[in-house]
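Just below is one structure, and these are the notes that go with it.
What you are looking at is a predicted structure, and each value in this text was computed from that prediction instead of being measured. Residue numbers begin at 1 in each chain, while the letters A, B, ... track the order of the sequences.
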There are 2 protein chains.
Amino acid sequence: MSGLTIGQVAERTGAATSALRYWEDLGLIASVRTTGNQRRYERATIRRVSFIRAAQRVGLSLEEIGAALSTLPDARTPTASDWARLSRAWRGRLDEQIRRIEKLRDQLDSCIGCGCLSLRTCALNNPSDVLADHGPGAVLLEP
Amino acid sequence: MSGLTIGQVAERTGAATSALRYWEDLGLIASVRTTGNQRRYERATIRRVSFIRAAQRVGLSLEEIGAALSTLPDARTPTASDWARLSRAWRGRLDEQIRRIEKLRDQLDSCIGCGCLSLRTCALNNPSDVLADHGPGAVLLEP
DNA sequence: CCGCTACCTGAACGTCACATGAACTCTGAC
DNA sequence: GTCAGAGTTCATGTGACGTTCAGGTAGCGG
């Protein structure tokens with residue numbers, strides 16, 4: 001076996017082939033080419049792709065995922081402990097995210113209590129100390 | 001005072017005027033027009049806009065936000081208890097979101113323990129029972 | 001009444017993360 | 001050797017969420 005085709009990787013990971021090509025363009029995954037210019041993937045790519053998809057489900061951007069993946073060794077196939085190190089880092093990330101949502105939730109609760117939504121002191125109107133003023137969605141996941 | 005200009009609403013809420021016009025196109029907010037065709041907003045619009053922004057920070061789409069806002073009374077200015085009802089609904093939403101992230105986090109932990117990332121039984125590879133296979137980002141916020 | 005700033009519309013542009021389609025080539029089972 | 005099906009590149013489309021620009025109008029202090 002000289003490597004997995006893009007279709008095989010797609011089937012095993014659930015990612016679309018178009019996504020796999022796109023991620024390769026971005027440098028998130030790598031492939032070697034056959035003499036006929038077709039992509040062939042190492043078995044370890046399955047893990048990498050699974051990780052990308054798991055990270056996306058948490059809402060992280062491909063740029064951030066790429067940054068995380070770049071901490072894996074280039075030269076050798078990543079070991080379980082390489083991945084474990086990454087997973088520990090993600091745990092911190094997820095904890096942080098939970099903390100932020102809880103804070104917003106608690107602020108909403110306090111607004112329910114005081115009915116103060118129009119006041120300058122209301123957390124809902126002045127959440128700058130919790131979540132900075134960024135674009136939608138992604139803000140929850142920023143550092 | 002015959003209402004707030006778009007610039008005043010923008011300044012008080014932190015939203016861009018272009019965003020306010022866009023949200024008005026979508027029906028999330030309303031305005032009356034002066035004889036010279038300029039927008040004038042009710043004071044209550046400040047709350048509405050603040051809510052939209054708060055909801056966006058949690059990652060919800062404008063469509064969902066619009067659905068929530070449509071439960072507010074059209075005829076009269078929303079009271080504190082109108083808003084409180086909305087906030088309670090959001091609390092459930094945020095709790096749900098936290099629960100999902102926690103589940104994913106715990107699954108990552110189990111992967112650290114077993115080093116099984118490549119196995120079919122690993123939660124990281126088979127998270128379908130946790131988060132359905134949707135597009136990126138928004139998935140965390142789906143019903 | 002002058003002039004400055006804010007405001008108006010509509011269209012074009014931008015980003016992210018791909019999906020889709022056209023036109024063509026490779027691979028592998030028979 | 002043949003042929004279906006899988007793979008290739010490149011261009012273009014999608015959808016959410018706006019921003020920017022062009023070309024003009026409103027409103028208000030002086």
TODO: Kindly determine whether A/Ser61 and A/Glu64 satisfy side chain to side chain donor-acceptor pair (under 3.5 Å), including the steps that lead there.
DONE: CA-CA 5 Å; A/Ser61 72; A/Glu64 293 176 286; 3.3 Å; yes

Length of the [atom1]-[atom2] vector between [X] and [N], whole Å:
X       : N      : atom1 : atom2 : result
B/Tyr41 : C/dC7  : OH    : C1'   : 11 Å
B/Arg53 : D/dC17 : CZ    : P     : 14 Å
A/Arg40 : D/dT8  : CZ    : C1'   : 12 Å
A/Leu20 : C/dA17 : CG    : C1'   : 13 Å
A/Leu4  : C/dT27 : CG    : P     : 16 Å
B/Gln8  : D/dG27 : CD    : P     : 13 Å
A/Glu64 : C/dC16 : CD    : C1'   : 13 Å

Could you work out which one of [options] sits closest to the side chain of [X]?
X       : options                : value
B/Thr5  : C/dT27, C/dC7, D/dT19  : C/dC7
A/Ile6  : D/dG27, D/dT8, C/dC8   : D/dT8
A/Thr34 : D/dC17, C/dT27, C/dA17 : C/dT27
B/Gln38 : D/dG18, D/dT8, C/dA6   : C/dA6
A/Arg21 : D/dG7, C/dT9, C/dA19   : D/dG7
B/Arg39 : C/dT9, D/dG18, C/dA19  : C/dT9

Open item on the list: Is there a path of hydrophobic side-chain contacts, each under 4.5 Å between heavy atoms, that joins B/Val32 and B/Leu20?
Closed with: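 No, B/Val32 does not connect to B/Leu20 through the hydrophobic network.
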
Task: DNA chain C: 5'-proximal contact among A/Thr35 and A/Tyr22 (nearest heavy atom) - done: A/Tyr22

Open item on the list: Closer than 3.5 angstrom, by distance alone: can the side chain of B/Thr5 be matched with the main-chain N or O of B/Gln8 as a donor-acceptor pair?
Closed with: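 Answer holds: yes.
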
Task: Sidechain-backbone polar pair: B/Arg53 side chain, B/Thr13 backbone, donor-acceptor under 3.5 Å - done: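 Yes: the side chain of B/Arg53 pairs with the backbone of B/Thr13.
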
Task: Residues B/Ile46, B/Tyr41; criterion side-chain contact (heavy atoms from CB on, under 4.5 Å); working and verdict - done: CA-CA 8 Å; B/Ile46 301 273; B/Tyr41 294 97; over 6 Å; no

Task: Given B/Arg39, B/Arg40, B/Glu24, the one that forms side-chain contact (heavy atoms from CB on, under 4.5 Å) with B/Ile6 - done: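 Testing each of B/Arg39, B/Arg40, B/Glu24 against B/Ile6, the sole residue satisfying side-chain contact (heavy atoms from CB on, under 4.5 Å) is B/Arg39.
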
Open item on the list: So that I can tick it off, tell me whether B/Arg91 and B/Asp95 are bridged by a salt bridge, with the cut-off set at under 4.0 angstrom between side-chain N and carboxylate O.
Closed with: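 Salt bridge present between B/Asp95 and B/Arg91.
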
Open item on the list: If you assign B/Leu62 and B/Asn37 each to the DNA chain D nucleotide with the nearest heavy atom, which residue ends up on the more 5' nucleotide?
Closed with: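 So the residue in question is B/Leu62.
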
TODO: Check DNA chain C against residues 23-33 of chain A and give the residues with a non-hydrogen atom under 4.0 Å, in numerical order.
DONE: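 Heavy-atom contacts with DNA chain C come from A/Trp23.
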
